[in-house]
Number of protein chains: 2
Amino acid sequence: MPKSTFFNLPEEKREKIMESAIDEFAQYSYQKGSINRIVERAEIAKGSFYQYFEDKKDLFKYILEKSGEEKMVYLTHIIGDLDKLDFFHTIRELYIGGIRFGQEHPKLAAIADRFMKDADQQLMEEMFGDSKGKSQMVFQGLLLKGIERGEVDPKIDVELVAMLIASMSLSISEHFLKEKNTGNLMDMMEVLDKMLYVIEHGIKVKKEGEKND
Amino acid sequence: MPKSTFFNLPEEKREKIMESAIDEFAQYSYQKGSINRIVERAEIAKGSFYQYFEDKKDLFKYILEKSGEEKMVYLTHIIGDLDKLDFFHTIRELYIGGIRFGQEHPKLAAIADRFMKDADQQLMEEMFGDSKGKSQMVFQGLLLKGIERGEVDPKIDVELVAMLIASMSLSISEHFLKEKNTGNLMDMMEVLDKMLYVIEHGIKVKKEGEKND
DNA sequence: AAAAAATGTGACCAGTTAGTCATATGACTC
DNA sequence: GAGTCATATGACTAACTGGTCACATTTTTT
């Protein structure tokens with residue numbers, strides 16, 4: 001957590017610092033992001049930075065937390081309605097929420113994605129405290145519920161599939177972030193639905209007598 | 001490519017250098033791997049290193065190339081028999097080859113995997129010259145052939161699915177590398193087959209009248 | 001106004017990095 | 001033995017890094 005001095009700062013200054021930091025970590029990774037550049041861009045003295053934050057990790061953690069909170073805004077209505085939709089529609093809604101978050105906060109999305117991709121397990125644990133990724137845990141819970149309800153194939157290995165879906169999610173986010181020029185919602189939805197189709201049905205050719213939606 | 005001086009070196013020395021470098025990059029990433037530590041472990045002078053290699057990139061590229069060649073040894077017999085097996089058995093064989101390579105050359109596998117995961121697109125292109133990952137291209141080719149043969153669902157988006165499979169492959173390799181303590185072939189095969197099952201059939205519960213292998 | 005507490009500052013530290021270069025070594029040729 | 005040439009060396013450079021600290025300034029309290 002930032003020190004109290006940071007929260008005592010006038011809002012303008014505080015936001016300038018946050019913006020500088022977010023710009024920095026959106027451009028560079030956590031590792032390569034430079035405190036020197038951040039304080040330069042924020043026009044504060046190096047020493048001041050260390051009056052506001054414990055260290056680099058403290059700052060980055062705070063950004064991730066804020067980013068997580070912001071993302072939650074896009075997802076809570078889905079989590080609330082968890083029983084109204086089946087597994088596949090639930091994760092579809094979750095992805096759509098994620099895409100909207102990414103469109104409205106591209107830098108935050110880029111920072112979080114890059115961190116998920118780059119960070120080694122040790123760093124992840126230092127930042128979050130939980131060993132397995134949060135999203136993987138969410139998927140795992142949803143899968144179990146989906147199996148109970150008879151929507152998801154009970155033969156699958158829940159943990160493994162959660163991992164696979166989490167990894168696909170990451171690569172699809174990366175894909176979206178990379179092509180932000182053509183990042184219109186329609187195209188994204190199309191890609192999303194194609195991905196969900198694969199998760200639902202697999203890619204093996206369907207024999208006669210099998211149904212489709 | 002390393003300079004001619006490197007290849008003129010007595011084999012013993014050459015291998016000591018390669019081993020030091022491989023150890024270094026297996027432990028640290030390309031970015032964080034240190035030439036200083038490499039020359040120290042290899043017991044050569046810093047200046048000597050730069051008599052053998054143009055720079056850090058030159059060395060790393062050479063390791064990746066050698067690693068790629070070595071991995072090919074484990075895959076060529078499959079590429080040769082490409083028409084004997086259907087799509088799903090082909091990629092299964094490819095994965096098994098990959099697993100065996102990883103078991104016999106864990107450091108090389110770790111280096112390549114980490115690089116695939118970490119490297120930004122720019123660096124990838126500097127190293128390989130091709131924009132899309134090699135494995136993704138292989139999957140794409142296999143998918144197209146699989147569709148032609150009526151094994152793979154023609155409704156899928158080939159490029160997207162190739163990307164998804166490539167990303168799953170990476171995360172499964174990572175999974176295997178992480179648990180090298182329990183890394184016995186039997187367990188790995190089980191996980192592999194579970195993953196392939198998902199790719200084949202998806203995770204939606206099967207209605208009556210649908211078949212399974 | 002004086003004292004005290006809080007905040008701001010940037011030179012500085014010890015550490016790292018990739019890469020260079022003048023010089024030394026030693027092997028081979030004439 | 002002199003001359004030549006490829007190779008070996010490690011001190012050195014310049015550029016960074018995250019983090020510290022003695023001091024200056026401002027704000028608050030007495």
Side-chain angles (χ1 to χ4, degrees), chain A residues 1-18 20-25 27-64 115 118-120 122-123 126-127, chain B residues 1-18 20-25 27-64 115 118-120 122-123 126-127:
Chain A
M1 257 311 203
K3 300 179 181 174
S4 58
T5 51
F6 179 67
F7 296 108
N8 293 338
L9 249 35
E11 197 183 318
E12 210 181 297
K13 194 169 182 179
R14 220 172 50 223
E15 293 207 337
K16 189 168 183 182
I17 293 169
M18 285 305 284
S20 302
I22 289 169
D23 282 355
E24 177 71 12
F25 288 123
Q27 186 172 358
Y28 304 94
S29 65
Y30 167 66
Q31 299 280 359
K32 296 190 83 181
S34 158
I35 303 292
N36 289 328
R37 276 193 298 259
I38 291 173
V39 300
E40 195 183 345
R41 243 194 293 201
E43 289 173 291
I44 59 169
K46 186 83 168 282
S48 299
F49 177 88
Y50 285 94
Q51 299 248 358
Y52 307 146
F53 299 94
E54 293 294 340
D55 50 25
K56 189 182 180 179
K57 197 158 76 183
D58 188 30
L59 163 66
F60 194 77
K61 212 164 148 177
Y62 181 61
I63 293 175
L64 284 187
F115 181 73
D118 286 4
D120 47 290
Q122 200 212 324
L123 190 59
E126 279 177 35
M127 290 275 179
Chain B
M1 258 309 205
K3 299 178 182 175
S4 59
T5 51
F6 179 68
F7 296 106
N8 292 338
L9 248 36
E11 195 184 318
E12 210 182 296
K13 194 169 183 180
R14 220 170 51 223
E15 292 206 338
K16 190 169 183 182
I17 294 170
M18 285 306 284
S20 302
I22 288 169
D23 282 354
E24 176 71 13
F25 288 122
Q27 187 171 357
Y28 303 95
S29 63
Y30 166 65
Q31 299 280 1
K32 296 191 84 182
S34 157
I35 303 292
N36 289 331
R37 277 192 298 260
I38 292 172
V39 299
E40 195 182 347
R41 243 194 293 201
E43 289 174 291
I44 58 168
K46 187 82 168 283
S48 299
F49 176 87
Y50 285 94
Q51 300 251 11
Y52 307 146
F53 299 94
E54 294 293 340
D55 50 26
K56 190 182 180 180
K57 196 158 76 184
D58 188 30
L59 164 65
F60 193 77
K61 212 165 149 178
Y62 182 62
I63 292 176
L64 284 187
F115 180 73
D118 286 3
D120 47 291
Q122 200 212 323
L123 190 60
E126 279 177 36
M127 289 276 179

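The sequence lines fix the lettering, A, B, ..., with proteins before strands; numbering per chain opens at 1.
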**B:N36 CG to D:dA15 C1', straight-line distance once rounded to whole Å** = 14 Å
**Message:** I need the A:S29 OG to B:D118 CG distance, nearest 0.5 Å.
**Reply:** 9.0 Å
**Request:** Assign the ring pair B:Y62 / B:F6 to parallel, tilted or perpendicular, where the plane angle (0 to 90°) is split at 30° and 60°.
**Result:** perpendicular
Using residues 7-16 of chain A as the side-chain source, report each donor-acceptor pair under 3.5 Å to any protein atom, sequence neighbours left out, with the distance given to one decimal.
unit_1, atom_1, unit_2, atom_2, d
A:N8, ND2, A:S4, O, 3.4
A:R14, NH1, A:F7, O, 3.3
A:R14, NH1, A:L9, O, 3.3
A:K16, NZ, A:E43, OE1, 2.4

**Complete:** Minimal heavy-atom distance between A:E54 and A:M1, with the atoms involved, is CG-O, 4.4 Å
**Prompt:** Rounding to a whole Å, what distance do you find between B:Y50:OH and D:dC12:C1'?
**Reply:** 14 Å
**Complete:** note: A:D58, atom CG; D:dG19, atom P; distance rounded to Å ~ 10 Å
**Prompt:** Taking any atom under 4.0 angstrom from a heavy atom of chain B, which nucleotides of DNA chain C are the first and last to qualify, 5' to 3'?
**Reply:** C:dT17 to C:dC21
**Request:** May I have the distance from B:K56 (atom NZ) to D:dC16 (atom C1'), rounded to whole angstrom?
**Result:** 14 Å
**Prompt:** Checking B:K56 against B:Y30: charged group under 6.0 Å from the ring centre and within 45 degrees of the axis?
**Reply:** yes
**Asked** Can you tell me how far CG of B:D23 sits from CZ of B:R41, rounded to the nearest 0.5 angstrom?
**Response** 5.0 Å
**Complete:** Atom NZ of A:K32 and atom C1' of D:dA15 are separated, to the nearest Å, by 14 Å
**Message:** Rounded to whole Å, please give me the gap between CD in A:E54 and C1' in D:dT20.
**Reply:** 14 Å
**Prompt:** Under the 3.5 angstrom rule, does the side chain of B:K3 hit a backbone N or O of B:Y50 as a donor-acceptor pair?
**Reply:** yes
**Message:** Heavy atoms only, 4.0 Å cut-off, all strands: where does B:F53 land among base, sugar-phosphate and nothing?
**Reply:** nothing
**Prompt:** Which distance, rounded to the nearest 0.5 Å, do you find between the CG of A:D58 and the CE of A:M127?
**Reply:** 9.5 Å
**Request:** Mind listing the residues from residues 3-13 of chain B sitting with a heavy atom below 4.0 Å of DNA chain C? Number order is fine.
**Result:** none
**Prompt:** CZ of A:F60 versus C1' of D:dG18: gap in Å, rounded?
**Reply:** 16 Å
**Backbone of B:S34 reached by a side-chain donor or acceptor of B:E24 within 3.5 Å** = yes
